[in-house]
Asks: 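Take this structure first; my questions come after.
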Amino acid sequence: METAIKVAIQGIKASFHEEAAFKFFGRDIETIECNSFKQTCEKLEQNEADYVIMAIENSIAGSLLPNYTLIREYNFAIVGEVYLPIQLHLMALPGVKFEDIKYATSHPIALRQCIDFLDEYPHIQVIESSDTAACAKRIRDEQLTDTVAIANSLAAELYGLNIIERRIESNKKNYTRFLVLKNNKAEAVKDINKASICFQVINHVGALSKVLNIFAEQEVNLTKIQSMPVLGKRNEYYFYVDLEWTNLENYEKAVRQTLKYTVNFNIMGEYQKNDKV
């Protein structure tokens with residue numbers, strides 16, 4: 001019998017990270033719950049997990065900048081991506097009515113994404129927590145009849161809660177992009193058409209423009225560019241760039257040319273793009 005793939009996630013079972021893991025790998029996996037993104041990286045480095053699923057950006061909250069640093073410092077390979085629509089529901093113990101509710105609890109970002117709904121009910125006190133699914137679990141464990149959690153349908157299903165109000169997020173087109181990380185950069189992904197790279201440029205006029213023009217000339221599309229200051233070095237930045245192409249040779253040629261104009265160039269991962277939400 002094959003052993004299940006072990007995937008380290010930030011948060012607990014039924015969190016959005018587990019939902020993203022299910023979407024990428026299917027349900028037949030073992031999820032390893034971690035308290036922080038750094039802990040997921042430690043599990044992967046120590047071979048206690050086969051993969052990490054890590055959120056990297058949200059269409060409302062923006063990029064999770066510390067996670068870029070973690071991926072670069074641990075030198076993990078990005079081997080895939082998942083886009084997950086963030087659908088948030090109001091859930092409580094079975095039998096609890098809306099008028100019984102005094103407290104609503106969730107992760108601060110989830111609460112921010114439901115601000116329009118919550119503003120309509122000023123008598124409900126909002127309580128921030130570290131994890132959406134953990135809020136649902138706490139309601140179940142402590143049998144809280146005056147509290148609702150804001151979480152996904154997976155959490156309601158796992159912890160036996162009743163969804164009182166569905167889709168309470170303000171923006172119905174909200175999604176989070178997750179990266180799939182592996183510890184082995186030597187293992188190639190088949191049929192690659194997307195890459196995530198990281199580099200620095202020498203601080204002079206037109207240095208970054210030169211690099212970006214190389215990709216444009218080779219018809220390699222930049223889908224994202226993110227800058228991060230280099231710790232302790234004034235006016236020096238890491239640039240994290242996502243690239244897509246239809247012709248692999250063009251991409252490889254662009255990378256070769258780019259090496260002349262960059263410092264600390266690093267291909268963080270080459271993989272298949274997956275922009276289905």
Side-chain angles (χ1 to χ4, degrees), residues 10 16-17 20-21 23-24 37 40-41 44 51-86 173-185 187-201 207-230 236-259 261-277:
Q10 187 271 325
F16 284 109
H17 275 84
K23 189 171 180 180
F24 190 85
F37 288 116
T40 66
C41 293
L44 187 57
Y51 296 92
V52 164
I53 288 267
M54 182 181 282
I56 202 69
E57 67 183 87
N58 174 267
S59 56
I60 294 174
S63 293
L64 281 77
L65 297 180
N67 288 357
Y68 280 102
T69 305
L70 280 174
I71 299 166
R72 180 177 50 78
E73 287 181 347
Y74 277 90
N75 200 28
F76 293 147
I78 301 167
V79 295
E81 63 180 351
V82 188
Y83 284 84
L84 189 72
I86 302 302
K173 292 182 178 176
N174 181 21
Y175 67 85
T176 296
R177 179 182 175 223
F178 297 81
L179 297 178
V180 184
L181 310 176
K182 205 166 193 272
N183 200 4
N184 187 358
K185 275 199 167 178
E187 252 179 70
V189 177
K190 290 177 185 173
D191 303 323
I192 58 170
N193 56 8
K194 187 167 183 175
S196 295
I197 64 171
C198 173
F199 57 84
Q200 293 169 256
V201 292
L208 180 60
S209 172
K210 182 75 180 169
V211 173
L212 301 185
N213 280 331
I214 288 169
F215 289 114
E217 284 160 13
Q218 294 300 328
E219 297 186 340
V220 175
N221 186 27
L222 271 70
T223 57
K224 178 170 186 177
I225 182 165
Q226 180 77 53
S227 65
M228 282 270 289
V230 176
E236 288 191 29
Y237 293 86
Y238 286 109
F239 293 98
Y240 295 89
V241 177
D242 287 343
L243 308 165
E244 292 179 8
W245 61 86
T246 50
N247 185 321
L248 181 60
E249 285 180 15
N250 286 13
Y251 159 71
E252 289 172 341
K253 187 177 177 184
V255 166
R256 285 195 301 273
Q257 291 178 355
T258 302
L259 291 172
Y261 304 100
T262 57
V263 181
N264 295 330
F265 186 94
N266 180 11
I267 297 174
M268 300 171 75
E270 296 171 331
Y271 47 97
Q272 292 178 26
K273 76 170 180 176
N274 179 13
D275 48 13
K276 290 177 190 160
V277 179

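Residue numbers start at 1 and run along the sequence shown.
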Asks: Might you point out which heavy atoms bring Ala254 and Phe215 nearest each other, and give the distance in Å?
Replies: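 Scanning both residues, the minimum pair turns out to be CB-CD2, 3.6 Å.
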Asks: If we only count heavy atoms from C-beta on, is the Phe16 to Thr176 side-chain gap below 4.5 Å?
Replies: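 No, every pair of side-chain atoms sits at 4.5 Å or beyond.
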Asks: Roughly how far apart are Phe178 CZ and Tyr83 OH, rounded to 0.5 Å?
Replies: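 With rounding to 0.5 Å, CZ (Phe178) is 12.0 Å from OH (Tyr83).
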Asks: Using a 3.5 Å distance criterion without hydrogens, assess whether the side chain of Asn67 forms a donor-acceptor pair with backbone atoms of Ala55.
Replies: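 A pair under 3.5 Å: yes.
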Asks: Any chance you could measure Leu65, atom CG, to Glu57, atom CD, to the nearest 0.5 Å?
Replies: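 That separation rounds to 10.5 Å.
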Asks: Mark yes when over 12 heavy atoms from residues, nucleotides or ligands other than Lys210 sit less than 6.0 Å from its NZ; otherwise mark no.
Replies: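 Not buried by this count: 12 neighbours or fewer within 6.0 Å.
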Asks: Taking the side chain as C-beta and beyond, is there a heavy-atom pair between Asn266 and Asn75 under 4.5 Å?
Replies: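 Counting from C-beta outward, Asn266 and Asn75 do come under 4.5 Å.
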Asks: What distance do Cys198 atom SG and Met228 atom CE have between them, rounded to the nearest 0.5 Å?
Replies: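 Interatomic distance, Cys198 SG to Met228 CE, rounded to 0.5 Å: 9.5 Å.
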Asks: Give the C-alpha distance, both sets of side-chain angles, the deciding distance and a yes or no for side-chain contact (heavy atoms from CB on, under 4.5 Å) between His17 and Phe37.
Replies: CA-CA 11 Å; His17 275 84; Phe37 288 116; 3.3 Å; yes
Asks: Would you say that Leu84 contacts Phe24 through its side chain, given a criterion of any heavy-atom pair below 4.5 Å between the two side chains?
Replies: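 No, too far: nothing below the 4.5 Å cut-off.
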Asks: Measuring from Asn264:CG to Gln200:CD, what's the distance to the nearest 0.5 Å?
Replies: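 Going from the CG atom of Asn264 to the CD atom of Gln200 covers 4.5 Å.
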Asks: Show the nearest heavy-atom pair for residues Gly80 and Tyr271, with the distance to one decimal.
Replies: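 What the structure gives for the nearest pair is N-CB, 3.8 Å.
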Asks: A side-chain contact here means heavy atoms from C-beta on lying under 4.5 Å apart; do Val241 and Val211 qualify?
Replies: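 Of all side-chain heavy-atom pairs linking Val211 with Val241, none is under 4.5 Å.
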Asks: Grab the two heavy atoms, one from Cys41 and one from Val52, that are nearest each other, plus how far apart they are.
Replies: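 What the structure gives for the nearest pair is N-CG2, 4.4 Å.
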Asks: Taking C-beta and beyond as the side chain, do Tyr261 and Val201 meet within less than 4.5 Å on heavy atoms?
Replies: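 No. Closest side-chain heavy atoms not under 4.5 Å.
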Asks: With rounding to the nearest 0.5 Å, note down the distance linking CG in Leu243 to OH in Tyr251.
Replies: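 Those atoms lie 6.5 Å apart.
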Asks: Looking at Arg177, Lys194, Gln226, Lys224, which one forms a side-chain hydrogen bond (donor to acceptor under 3.5 Å, both in side chains) with Asp242?
Replies: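 Considering Arg177, Lys194, Gln226, Lys224, a side-chain hydrogen bond (donor to acceptor under 3.5 Å, both in side chains) with Asp242 is found only for Arg177.
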Asks: Tell me if a side-chain donor or acceptor on Asn274 pairs with a main-chain N or O of Glu81 at a distance below 3.5 Å.
Replies: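 It does hold such a pair.
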Asks: Is the closest side-chain heavy-atom distance between Phe239 and Leu208 below 4.5 Å?
Replies: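 A side-chain contact exists here, since the closest heavy-atom pair is under 4.5 Å.
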Asks: If you round to the nearest 0.5 Å, how far is CD of Glu252 from CH2 of Trp245?
Replies: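 Answer rounded to 0.5 Å: 8.5 Å.
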Asks: Only one of Asn184, Leu179, Val180 clears side-chain contact (heavy atoms from CB on, under 4.5 Å) with Val79; which?
Replies: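 That would be Val180.
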Asks: Do Ile78 and Leu181 make a side-chain contact, defined as non-hydrogen atoms from C-beta onward lying under 4.5 Å apart?
Replies: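 The answer is yes, as the side chains (C-beta and beyond) meet within the 4.5 Å cut-off.
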Asks: Would you mind reporting whether Gln272 and Asn193 have side-chain heavy atoms less than 4.5 Å apart?
Replies: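 Contact flag for Asn193/Gln272 side chains = yes.
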Asks: Would you check, one step at a time, whether the test side-chain contact (heavy atoms from CB on, under 4.5 Å) holds for Phe265 with Val255?
Replies: CA-CA 9 Å; Phe265 186 94; Val255 166; 3.8 Å; yes
Asks: Determine yes or no for a side-chain-to-main-chain donor-acceptor pair under 3.5 angstrom, with Asn58 supplying the side chain and Tyr175 the backbone.
Replies: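 Yes; judged by distance alone, with no hydrogens or angles, the pair exists.
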Asks: Would Lys273 and Thr223 count as having a side-chain donor-acceptor pair, cut-off 3.5 Å?
Replies: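 No donor-acceptor contact under 3.5 Å links the two side chains.
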Asks: For residues Met54 and Thr40, report the shortest heavy-atom separation together with the two atoms involved.
Replies: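 Taking every non-hydrogen atom into account, CE-OG1, 4.0 Å.
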Asks: How about Glu219: does its CD atom have over 12 heavy atoms from other parts shown lying under 6.0 Å from it?
Replies: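 Not buried by this count: 12 neighbours or fewer within 6.0 Å.
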Asks: Specify whether Tyr240 and Tyr68 have parallel, tilted or perpendicular ring planes, treating 30° as the upper limit for parallel and 60° as the lower limit for perpendicular.
Replies: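 Answer is tilted, since the angle falls between 30° and 60°.
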